[in-house]
Protein chains: 2
Amino acid sequence: MLNTQVTSKQSPSVPTIKDVAKAAGCSTATVSRALATPEKVSDATRERVNQAIAQVGYAPNIAARNLRRAESKTIVALLPDISNPFFSEIISGMEDVAHQAGYQILIGDCEHDPARAEAYFRLLSTNQADGIVLLTSEIPKTLIKQADGQADGQADFPLVMACEFFSDIDLPLIAIDNHQASCQAIDYLVSLGHQRIATLTGPAGNPICLERLRGYRDTLSVHGLIDQVCVAEGDFSFRSGFQQGLALLDNAQRPTAIFCHSDEMAVGVLKAARQLDITVPGQLSVVGFDNIGLSEYCDPELTTISQPRNEIGQQAMQSLLHLLRGERVIRRQTLSSHLIVRKSTGRVSG
Amino acid sequence: MLNTQVTSKQSPSVPTIKDVAKAAGCSTATVSRALATPEKVSDATRERVNQAIAQVGYAPNIAARNLRRAESKTIVALLPDISNPFFSEIISGMEDVAHQAGYQILIGDCEHDPARAEAYFRLLSTNQADGIVLLTSEIPKTLIKQADGQADGQADFPLVMACEFFSDIDLPLIAIDNHQASCQAIDYLVSLGHQRIATLTGPAGNPICLERLRGYRDTLSVHGLIDQVCVAEGDFSFRSGFQQGLALLDNAQRPTAIFCHSDEMAVGVLKAARQLDITVPGQLSVVGFDNIGLSEYCDPELTTISQPRNEIGQQAMQSLLHLLRGERVIRRQTLSSHLIVRKSTGRVSG
DNA sequence: GCTAAAAATGTAAATGATTACATAGCGCTC
DNA sequence: GAGCGCTATGTAATCATTTACATTTTTAGC
């Protein structure tokens, strides 16, 4: 008689739910239930199953589970540029909540390339992702329109926005009040005696920058300074801060204060001022935005607006999880920002 | 007769390979082949299949594919701290290569927590990830030991290290020569006349820091300055640079130069010097490490060591892809770093 | 035009888990 | 002790794709 105990599988292949069932002396259904809905299984069986799992070293095959359940337990965090430290704390907040709920975060770095954004959106339709937290408005709007095509107006498309938003598409949003934050910064500068206040925005057309710009204009208006409006456009980077800083400052009629839409641009402006021998805050006040780690360590330390980044991330993920459970979601959650006064701002010089 | 044209599925559910097969008038196997191995299908059929795919709007279900192929096309990039901008460019390099080959990058932020690292390693055994690029040595070594348990000594475990490494575990590694880079920095400082040169390292025991420390010691030794060795320990952050900077500098016998193991720590040291009214580079020279974006924008601009971060990422991913294909892999790839001299270093003052 | 080899295609099993449905067992009531 | 309801469990279909193997068709050589 031949050896009937042929090794049915070549190597000690990774154990499946069948192996557990065999070891526990029950069916695969019971094992599955013991894991997914322990309360539906008798104490004795549950105990046996758990021992069997430990004994054979079982770990569920997630691809199989995902296939059957038609979900991936993966959330895409879509952002414009991973090298911007602004996002890391938001991601961190998202991960806290996501991991708790058994979800993973896939970071989608668009690098300002629409094709990348599209690729990440495609993950939704191929069941590789269950939802998206959108941290940029720099993507083709068609991606959302086609995805969001619900007749009832109330999108149940699993997408929430954080920080950034679209002016013409209504999606659940977690963000600060950019208009108000901007007003606060300009008010503060005016209170220091500044009259020629410039602002250095992010990319043209970016809705949050437009909000901030509106706050800038409104506040100047309130103080009768509307004819002093002076706007330069950057892209949030050190480099654009430096370049636009030079352009704004190398000028007899130069501003006495610059309100920047990111801390990195503010640091670029600081460098431009140094190069032109303009002292900060003596001859120039600079305000940043975001309160990234650097703002405490540059010279001079940066006056800036702080966003509750971790909380934004948490809330965004929380909202998305609600959406995924089919629950209704708050359309707009506004978290509070605040102005942090450090050393880069001062009273206007004679 | 009843309406036989009952909608077999409730909603216009997402099309599967069966729908394509039906539309193209062939079997699912042929459709699958037309996609995976087009050369095995006749021109006419391939054409019909492609049209059918476009017609029904088919996209393959990845979970099913992953299950069947027992792979995930996902690579984990495990790093100690996502908020460190040093990593973003490496990730970017990894993504370029990975996407080209049809792989995704899952960023695993360990946040210095071993449990997180373990969770990401578990993705391997559950088929949720195909390989790991390890960018930190701050993980429990047992994770690798148990995973790497191959008798032949030549690990075919799908893991490569980049930048960081273990002193006692031999894994494929892509990195610069930290010892040499450190020698170069110290040599340069000595050539400027410095004798009391301190070094501010990363976390104690970190192998790359030990390498750099060795270079520091060796070079001082060569110049007969071995009795001037002065070492402080940080953790790569702004904050630790500032604190250790104060400790090193608030002292009559203070060093005239500090070699920091990260740019952020160097910027922290700059702040400490400002606070103590020590001019840089007049009374103190500072050298950083990594050449992150900030180093051109701080004051003074930072002399630092540049690592080819994008290339490191590319090579690391390339090596991992080789491993995954079962090919042999270069155990150690050393890329070249170089010293970038800016404004934070100068001749020692009388 | 026949045959063998090669190419193209189809059939059906397999991947590993979940779950609708069926069934068994038990305790309880009347 | 028949009937009911409840819990616990098993059976087998299902998810969407890939692929070994079988079968058919085409090509080429003579």
Side-chain angles (χ1 to χ4, degrees), chain A residues 8-50 52-53 56-73 102 123 125-128 130, chain B residues 8-50 52-53 56-73 102 123 125-128 130:
Chain A
S8 57
K9 309 278 175 185
Q10 57 281 41
S11 49
S13 61
V14 31
T16 76
I17 201 171
K18 276 188 193 167
D19 301 314
V20 177
K22 196 174 299 175
C26 66
S27 73
T28 63
T30 300
V31 176
S32 179
R33 278 187 288 251
L35 287 169
T37 51
E39 71 280 5
K40 293 194 175 175
V41 145
S42 74
D43 293 358
T45 313
R46 188 173 341 114
E47 188 50 34
R48 255 186 306 129
V49 168
N50 286 335
I53 287 174
V56 305
Y58 169 74
N61 179 316
I62 305 295
R65 171 178 297 171
N66 289 349
L67 171 59
R68 179 60 222 231
R69 293 200 186 157
E71 67 178 12
S72 63
K73 291 284 181 179
L123 298 184
S125 46
T126 56
N127 265 316
Q128 290 178 95
D130 296 343
Chain B
S8 57
K9 307 280 175 185
Q10 58 281 43
S11 52
S13 61
V14 31
T16 74
I17 201 170
K18 275 188 191 166
D19 302 313
V20 176
K22 197 175 297 176
C26 65
S27 72
T28 62
T30 301
V31 176
S32 179
R33 278 186 288 251
L35 287 168
T37 50
E39 71 280 5
K40 293 196 174 173
V41 147
S42 74
D43 292 0
T45 313
R46 192 180 329 121
E47 187 53 32
R48 256 185 306 129
V49 168
N50 286 335
I53 286 175
V56 304
Y58 169 74
N61 178 314
I62 304 295
R65 172 177 295 172
N66 288 349
L67 171 58
R68 179 60 223 225
R69 292 194 185 161
E71 66 179 10
S72 63
K73 290 282 180 182
L123 297 184
S125 46
T126 55
N127 265 317
Q128 288 179 94
D130 296 343

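Hydrogens, waters and symmetry mates play no part in the numbers below; they use all other heavy atoms, side chains included. Just so it is clear: chains get the letters A, B, ... in the order the sequence lines come, proteins before strands, and each one is counted from 1.
Across B:Asn50, B:Ile53, B:Leu35, a single residue satisfies side-chain contact (heavy atoms from CB on, under 4.5 Å) together with B:Val20, and that is B:Ile53. Of the options A:Val49, A:Ile17, A:Thr37, a side-chain contact (heavy atoms from CB on, under 4.5 Å) to A:Ser32 is made by A:Ile17 and by none of the others.
In this structure, B:Thr16 contributes its side chain and B:Lys18 its backbone to a donor-acceptor pair below 3.5 Å. Checked by atom type and distance alone, the side chain of B:Arg46 never pairs as donor or acceptor with a backbone atom of B:Ala34 at under 3.5 Å. Side chain of B:Ser42 to main chain of B:Thr45: a donor-acceptor pair is present (N/O by atom type, distance under 3.5 Å, no hydrogens or angles).
With sequence neighbours excluded, no residue satisfies side-chain hydrogen bond (donor to acceptor under 3.5 Å, both in side chains) with B:Arg68. Residues satisfying the side-chain hydrogen bond (donor to acceptor under 3.5 Å, both in side chains) criterion with A:Asp130, sequence neighbours excluded, are A:Ser72. Not counting sequence neighbours, A:Ser125 has no partner by the side-chain hydrogen bond (donor to acceptor under 3.5 Å, both in side chains) test.
One end of the helix from C:dG1-D:dC30 to C:dC30-D:dG1 points its axis 40° away from the other end's axis, with each axis taken from 5 pairs and the angle rounded to 10°.
The environment of A:Lys73 atom NZ is dense: over 12 non-hydrogen atoms of other residues, nucleotides or ligands sit within 6.0 angstrom.
Atom-to-atom, CD1 of B:Ile17 to P of D:dT14 comes out at 19 Å; the value is rounded to the nearest Å. Here C:dG16 presents its C1' atom at 13 Å from CG of A:Leu35, a figure rounded to the nearest Å. One can place CD of B:Glu71 at 16 Å from P of C:dT15, the figure rounded to the nearest angstrom. The nearest whole Å value for the distance from the NZ atom in B:Lys22 to the P atom in D:dA16 is 13 Å. Atom CG of A:Asp19 is separated from atom C1' of C:dG16 by 11 Å (rounded to the nearest Å).
DNA chain D lies under 4.0 Å from at least one heavy atom of each of the following residues of residues 57-68 of chain B: B:Tyr58, B:Ala59, B:Pro60, B:Asn61, B:Ala64, B:Arg65, B:Arg68.
Contact annotation: the side chain of A:Thr30 approaches that of A:Val41 to within less than 4.5 Å [non-hydrogen atoms, C-beta and beyond].
A close approach under 4.0 Å does not occur between any side-chain nitrogen or oxygen of B:Thr16 and OP1 or OP2 of D:dA16.
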A correct 5'-to-3' footprint of nucleotides 6-11 of chain D, with B, S and - meaning base, sugar-phosphate only and no protein heavy atom under 4.0 Å, is --SBBB

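Atoms CG and CG, from A:Leu67 and B:Asn61 in turn, are 6.0 Å apart once rounded to the nearest 0.5 Å.
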